[in-house]
Protein chains: 2
Amino acid sequence: MNRSRRPARLTHHPPIPVYYRLQELVLKEIESGKLQPGSMIPTERQLVESYGVSIGTVKKAILNLVHQGFLYRIQGKGTFVTGTTLRRESLRYYRLLESFDGIESNLAVKPLQLKRVPGFHPASRLLGIRADQPLFELKRIFLLEGSPVVYSISYLPQNLFKRLDEYPSDEFEKKPLYAAIEEKYGLPTISNRELISAAFPSREAAEALGIPKTVPVLYMEMLAFTYRKRPYEYRRAYCLTAERKVFREY
Amino acid sequence: MNRSRRPARLTHHPPIPVYYRLQELVLKEIESGKLQPGSMIPTERQLVESYGVSIGTVKKAILNLVHQGFLYRIQGKGTFVTGTTLRRESLRYYRLLESFDGIESNLAVKPLQLKRVPGFHPASRLLGIRADQPLFELKRIFLLEGSPVVYSISYLPQNLFKRLDEYPSDEFEKKPLYAAIEEKYGLPTISNRELISAAFPSREAAEALGIPKTVPVLYMEMLAFTYRKRPYEYRRAYCLTAERKVFREY
DNA sequence: GCTCATTTGTTCGTATGTATC
DNA sequence: TGATACATACGAACAAATGAG
């Protein structure tokens, strides 16, 4: 009677479909970090045997997660956990164009300073942490053909990003922040929100951008989310839009 | 099963899967307007019989179009063509919030003027029409609690929107432009692009918004697309962001 | 360059459940 | 209640891509 020895069996319990329960189960493995971005998940056959469901049901569960962007499949190889990279285009913060049919410019990043700061309003509340929890503050400049176009200040919860300040700072130049965070902490960026306004730059921003305080800039507040809409970064950025404008696509 | 006798409709022609061909076929019916937004498409059974494919293949084709947002299904009723409305949240141009956790404000629309104008650069090129084709120009003001916050100028190709100027102008107050266009011309909005910058308002915009020319505003250029990424509207808008900021979500 | 085991992709079809009107 | 339409679950058979040997 190997029936008693069978692992977590997905029995037929009407209201919630079997494929949906399997789907959520795999999703939890991803979110909890047991399945890291880029790693391969069990094959269809293995899932069929582990959970005692049919191949069709396994396919449906997996394909749903593929459609939702959590997994991708390669015929002949297997099924893998999606990292942020596959959604990159829609998640890039600064996409600068001269016009709709102009070409997109590549920005260079220069980290200025990374330090620990106390929590403050509204960052702590937006990040969903207590106001007495400390934060990392990361200041950066984004350069377009050598001249500064974006000045950005990011706040990250210290409890999520332990020892972030021991991270070699030139790594922040080589890759986007979200890529570094995904690699080091296994937190892919799933979605983000922005509040955009036109304003004059703060003194600090004007200095960093090398412009007078009388030039209007885009002031962008941003919140980045990982799995389950958990916020992990709050950012404030000042963007110079004299030559190129910020491009957004839906 | 008896595989020697094939009902030759969508025959087995390897490189392109059958479900994909069926999917494209239905999509073309939608795009050409033969299937209007909101109308019901043939049932699974009818598709099975019309095209001589299995129910599983039909399901796959239809579900793909559902995932892509072109169709929606109601169990027991049928499968229907999606209008713009179902994607509304992500396609709303002006979403104004005080802060990330503030509540979204509702804007009132006031049409100012609708007239025919000659084509011009860059509108004609962006709309994919010849420069000598005339355009409709629609100027509107968006009000927040009675005071103007957005001044917007839209350009629409006259060949796509015949007799738009005979449309009762108070209809533009009752519903968003895209809703009126979908209803009258059967063109749902599928995606859009924006270029955002910070600037001082033009004289015209400053007057319409009732602000001095020294107040920075968001200058937003927008292109709206219908099926197959066909552009149908080019818009320029000036948005006052003193109190509330433009909200974007990805 | 070829073969083979593995893995996903496609197509077929049946049976039954559930929602709608 | 019955007829209709979509949803779930099952699974077989074969095709196509991958990577190792």
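Here the structure is a predicted model, which is why all the values come from computation and not from measurement. Note on naming: letters A, B, ... go to the chains in the order of the sequence lines (proteins, then strands), and numbering restarts at 1 for each one.
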Can you identify which nucleotide, out of [options], has its nearest atom closest to the [X] side chain?
X	options	value
Thr43(B)	dT8(D), dT7(C), dA5(D)	dA5(D)
Gln75(B)	dT10(C), dG17(C), dA15(D)	dG17(C)
Ser54(B)	dG13(C), dT8(C), dT8(D)	dG13(C)
Tyr19(B)	dT10(C), dG19(D), dT8(C)	dT10(C)
Ile74(A)	dC21(C), dT8(D), dT18(D)	dT18(D)
Val18(B)	dT7(C), dT11(C), dT18(C)	dT11(C)

Check: Under the ring pair (Phe, Tyr, Trp, His ring centres under 6.0 Å) criterion, do Phe142(B) and Tyr94(B) qualify, and how do the steps go?
Finding: CA-CA 9 Å; Phe142(B) 293 75; Tyr94(B) 313 115; 4.8 Å; yes
For [N], does either OP1 or OP2 sit under 4.0 Å from a side-chain N or O belonging to [X]?
X	N	result
Thr57(B)	dC12(C)	yes
Lys77(A)	dA17(D)	no
Thr79(B)	dA5(D)	no
Arg73(A)	dT7(C)	no
Lys60(B)	dT11(C)	no

Item checked: Sidechain N-carboxylate O distance under 4.0 Å for Arg230(B), Glu31(B) ->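 Salt bridge flag = no for Glu31(B) with Arg230(B).
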Margin query: Does this structure show an ion pair linking Lys245(A) with Glu194(B), if we count only N-O contacts that are shorter than 4.0 Å?
Written below: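 No, Lys245(A) and Glu194(B) are not salt-bridged.
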Return the value, rounded to whole Å, for the distance between atom [atom1] of [X] and atom [atom2] of [N].
X	N	atom1	atom2	result
Tyr51(A)	dA9(D)	OH	C1'	18 Å
Ile62(A)	dT8(C)	CD1	P	9 Å
Lys59(B)	dG11(D)	NZ	P	18 Å
Gln23(A)	dA9(D)	CD	C1'	15 Å
Leu63(A)	dG9(C)	CG	P	7 Å
Leu71(B)	dA7(D)	CG	P	12 Å

Note to self: Apply salt bridge (charged side-chain N to carboxylate O under 4.0 Å, His left out) to residues Glu24(A) and Arg228(A) and explain how you reach the verdict.
What the structure shows: CA-CA 12 Å; Glu24(A) 290 296 293; Arg228(A) 300 279 177 196; 3.5 Å; yes
Note to self: Heavy atoms only, 4.0 Å cut-off, all strands: where does Gly78(A) land among base, sugar-phosphate and nothing?
What the structure shows: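 Touches sugar-phosphate only.
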Note to self: Could you check whether the side chain of Glu44(A) and the base of dG9(C) have a donor-acceptor pair of N or O atoms closer than 3.5 Å, going by distance alone?
What the structure shows: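 Donor-acceptor pair under 3.5 Å: no.
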Note to self: Once you measure the plane-to-plane angle for Phe100(A) and Phe247(A), does it fall in the parallel (<30°), tilted (30-60°) or perpendicular (>60°) bin?
What the structure shows: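 Phe100(A) and Phe247(A): perpendicular rings.
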